[in-house]
Amino acid sequence: MSTLAAMAQPLASPAEPLAANVVQSVDWLAIAPPTLTAVVGLVVLVADLFVGEQKKALLGWVSVAGLAASALLLLPLLDGDRSTFCLTGDADVCSYAADRFTLVIQFLVLGGALLAALLSVTTLKDADKRLPEGEYWFLLLSSAAGAALLPASRDLATLVVALEVASLPAFALVGIRHGDRKSSEAALKFFLSSVTATAVSLMGISFVYASTGTLYLTQVADRIQNVDGQLHTLAQTGVVLTLVGFAFKTAAVPFHFWVPDTYVGAPLPIAAYLSVVGKTVGFSGLILVTVVALPSYADVWGPALAALAALTMTVGNVGALRQQATRAYSAVRLLAWSSVGQAGYLLVPIAAAAYSDDAERSVGSTVAYALMYAAVNLGAFAVAALVGRTKAANRITDYRGLYATNPLAALLLAFFLLCLAGLPPGIIGLFAKVTVFSAAVDAGLGWLAVVMAVNVVIALFYYLQWTTLLFRAPEGEPAAHRVPAPLTAALALTGVLGIVLSGAPQLVLRFTDTGLF
């Protein structure tokens, strides 16, 4: 026994410094925004067990307060870049970074989730207990926590985990209306397409890892340039498969087929959430994978993203143009196809980053456009939620004469649609499109700028057609639209943000100085 103890003694002493090297401190302030969102989600889930049916609405307001507090926690992080979960031997290689890019995207994600939560408060009240409130709020907060984690991810493993944490609760939210066939079909389409995207992405990431021996984005960028000749094909295949997987997440054509049915089948606040937060998650992940991890393969992903951008904006705008105004849910379908077209515009600066000498400026153009799109698209969905309270089918024709019954809502929707079209007085929309257009031209992608200009003209038709309908004489007895307080707050926030940015559009570019490099 003493012999065994003597043999074990030399092994114990070197183990102590080894453990000390492995343990590291966590920067809790840096990870506070997604962490608080997740904690509030757990609190809501547990509280749902003890709160009576008459007080379930409190869960919604706790969720709204939690998202607002998470967004406010971004303010202390503005004083400088932070990082945590770093390699013990190299403090510059980290899994989590709270830099300028992260904070801007987290602001967009948490702000979008907050507005979706305000819309949800009214939707759940109108559903009259047909939607399970505790599960709804837990799933929404869980998805928002994953979406807030993703832009801070600086290794491929954390990136995939964050992507799935954002996506998995969204599947359940789309199909949360029990017994609704349309909702179940939408959730199934969304689930199958997303799982396929994840499988393809994981295979691509595994090939990249096999080629480079690391998952950290900055190390991948360094090592993939010097891959052994025998592994070169494997590395190229990994890059292509990773891009294909993220193309699903961004709803780029031809991986967009799930969008219209999913938006129609989901509760309207969830459709709004997916159109903004879901899209932001995909694009921020795509930026990290291409511009940060794979800049040396710009000759592969640059042309691919440029082609996807042209195809996506064209198919999306043509799909929106073909919507019949009298068809059930045509307003939501038009917004869905419009979001596909807008995804094409968002892809343009990322593609331009492959050809530009200033990739950071190109990425900033994408983020600037995303901020504009988030504010006005959520505003359009807020008006759609208002009209949907009295017109369940939510046809485009249901908006005829809206100005006669609710002038403010009609004026706001007209403003949001003109912003999406890029027409005055929606100056922020015009400014965002010019920013994206100039990014393409500066990168030498003149043909893509021409395709974008043609698509902007196509989009003008259906946006203006819907806008003019708002001010026409109503058919029959006009229905009054009572605006609940949460809906009023959502409309006010999006309207004020859109108007302020239209008055001072330069604030967007100043805010989107990403500092990613």
Side-chain angles (χ1 to χ4, degrees), residues 104 108 250-253 279-280 283 286-287 290-291 298 301-318 320-321 337-377 415-464 498 501-514:
V104 172
L108 203 163
T250 57
V253 174
K279 202 174 296 300
T280 301
F283 279 100
L286 189 62
I287 289 169
T290 54
V291 180
W301 55 262
L305 291 182
L308 280 177
L311 193 59
T312 301
M313 67 177 74
T314 302
V315 172
N317 284 317
V318 170
L321 191 64
W337 281 107
S338 166
S339 75
V340 174
Q342 299 288 342
Y345 303 143
L346 285 162
L347 280 170
V348 171
I350 305 177
Y355 302 89
S356 175
D357 295 331
D358 189 357
E360 184 172 351
R361 182 181 176 187
S362 298
V363 170
S365 298
T366 291
V367 177
Y369 197 96
L371 284 171
M372 179 282 301
Y373 168 76
V376 299
N377 206 62
F415 174 71
F416 296 141
L417 293 175
L418 291 176
C419 283
L420 290 170
L423 286 178
I427 302 298
I428 186 58
L430 176 62
F431 179 78
K433 281 185 169 57
V434 169
T435 302
V436 170
F437 189 87
S438 64
V441 172
D442 292 344
L445 294 174
W447 68 270
L448 187 55
V450 171
V451 173
M452 180 180 172
V454 171
N455 274 279
V456 169
V457 174
I458 295 173
L460 285 177
F461 182 81
Y462 62 81
Y463 284 131
L464 289 177
L501 292 180
S502 290
Q506 69 276 7
L507 292 176
V508 174
L509 284 182
R510 191 178 305 168
F511 188 64
T512 54
D513 179 15
T514 60

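- Judged by distance alone, with hydrogens and angles left aside, the side-chain atoms of S365 form no donor-acceptor pair with the main-chain N or O of V436 at under 3.5 Å.
- L308 CG to I350 CD1: the interatomic distance, rounded to the nearest 0.5 Å, is 10.5 Å.
- In this structure, L464 CG and L423 CG are separated by 5.5 Å, a value rounded to the nearest 0.5 Å.
- Across all non-hydrogen atoms, the minimal contact from G302 to A351 is O-CB, 3.9 Å.
- Pairs of residues two or more places apart, or lying in two chains, that qualify as side-chain hydrogen bond (donor to acceptor under 3.5 Å, both in side chains) and include a residue from residues 422-434 are Y369-K433.
- For P303, the side-chain contact (heavy atoms from CB on, under 4.5 Å) partners are Y355, not counting sequence neighbours.
- T290 places a side-chain N or O within 3.5 Å of a backbone atom of L286 that can act as its donor or acceptor partner.
- Of the inter-residue distances, the one linking L417 atom CG with Y463 atom OH reads 7.5 Å to the nearest 0.5 angstrom.
- The salt bridge (charged side-chain N to carboxylate O under 4.0 Å, His left out) analysis of residues 303-316, with sequence neighbours excluded, yields no pairs.
- What you find for F461 and L321 is that their closest heavy atoms are CD2-CD1, 3.2 Å.
- Using a 4.5 Å heavy-atom cutoff, the side chains of S339 and K279 are in contact.
- Contact of the W301 side chain with the V291 side chain is registered, since non-hydrogen atoms from C-beta on lie closer than 4.5 Å.
- Residues that satisfy the ring pair (Phe, Tyr, Trp, His ring centres under 6.0 Å) test with W337, not counting sequence neighbours, are H256.
- T366 is linked by a side chain to side chain donor-acceptor pair (under 3.5 Å) to nothing, counting only residues two or more places apart in sequence or in another chain.
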Side-chain donor-acceptor contacts of residues 441-460 below 3.5 Å, not counting sequence neighbours, with atom names and distances?
residue: N455; atom: OD1; partner: T314; partner atom: N; Å: 3.3
residue: N455; atom: OD1; partner: N317; partner atom: ND2; Å: 3.2
residue: N455; atom: ND2; partner: T314; partner atom: OG1; Å: 3.2
residue: N455; atom: ND2; partner: V451; partner atom: O; Å: 2.8

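- When side chains are defined from C-beta on, L501 does not count as touching M372, because their heavy atoms never get closer than 4.5 Å.
- For the pair L108 and A374, the tightest heavy-atom approach, listed with the atom from each and the gap, is CD2-CB, 3.8 Å.
- The minimum heavy-atom distance between I428 and G498, with the atom names listed, is CG2-O, 4.1 Å.
- Residues F431 and S502 are not in side-chain contact: their nearest non-hydrogen atoms beyond the backbone lie 4.5 Å or more apart.
- Put simply, the side chain of Y373 reaches to within 4.5 Å of the side chain of L420, judged on heavy atoms.
- L305 has its side chain out of reach of V348: every pair of non-hydrogen atoms, C-beta onward, lies at least 4.5 Å apart.
- Across every non-hydrogen atom of P349 and S362, the tightest pair is CB-O, 3.1 Å.
- Rounding to the nearest 0.5 angstrom, the gap separating the OG1 atom in T280 from the CG atom in L346 is 8.0 Å.
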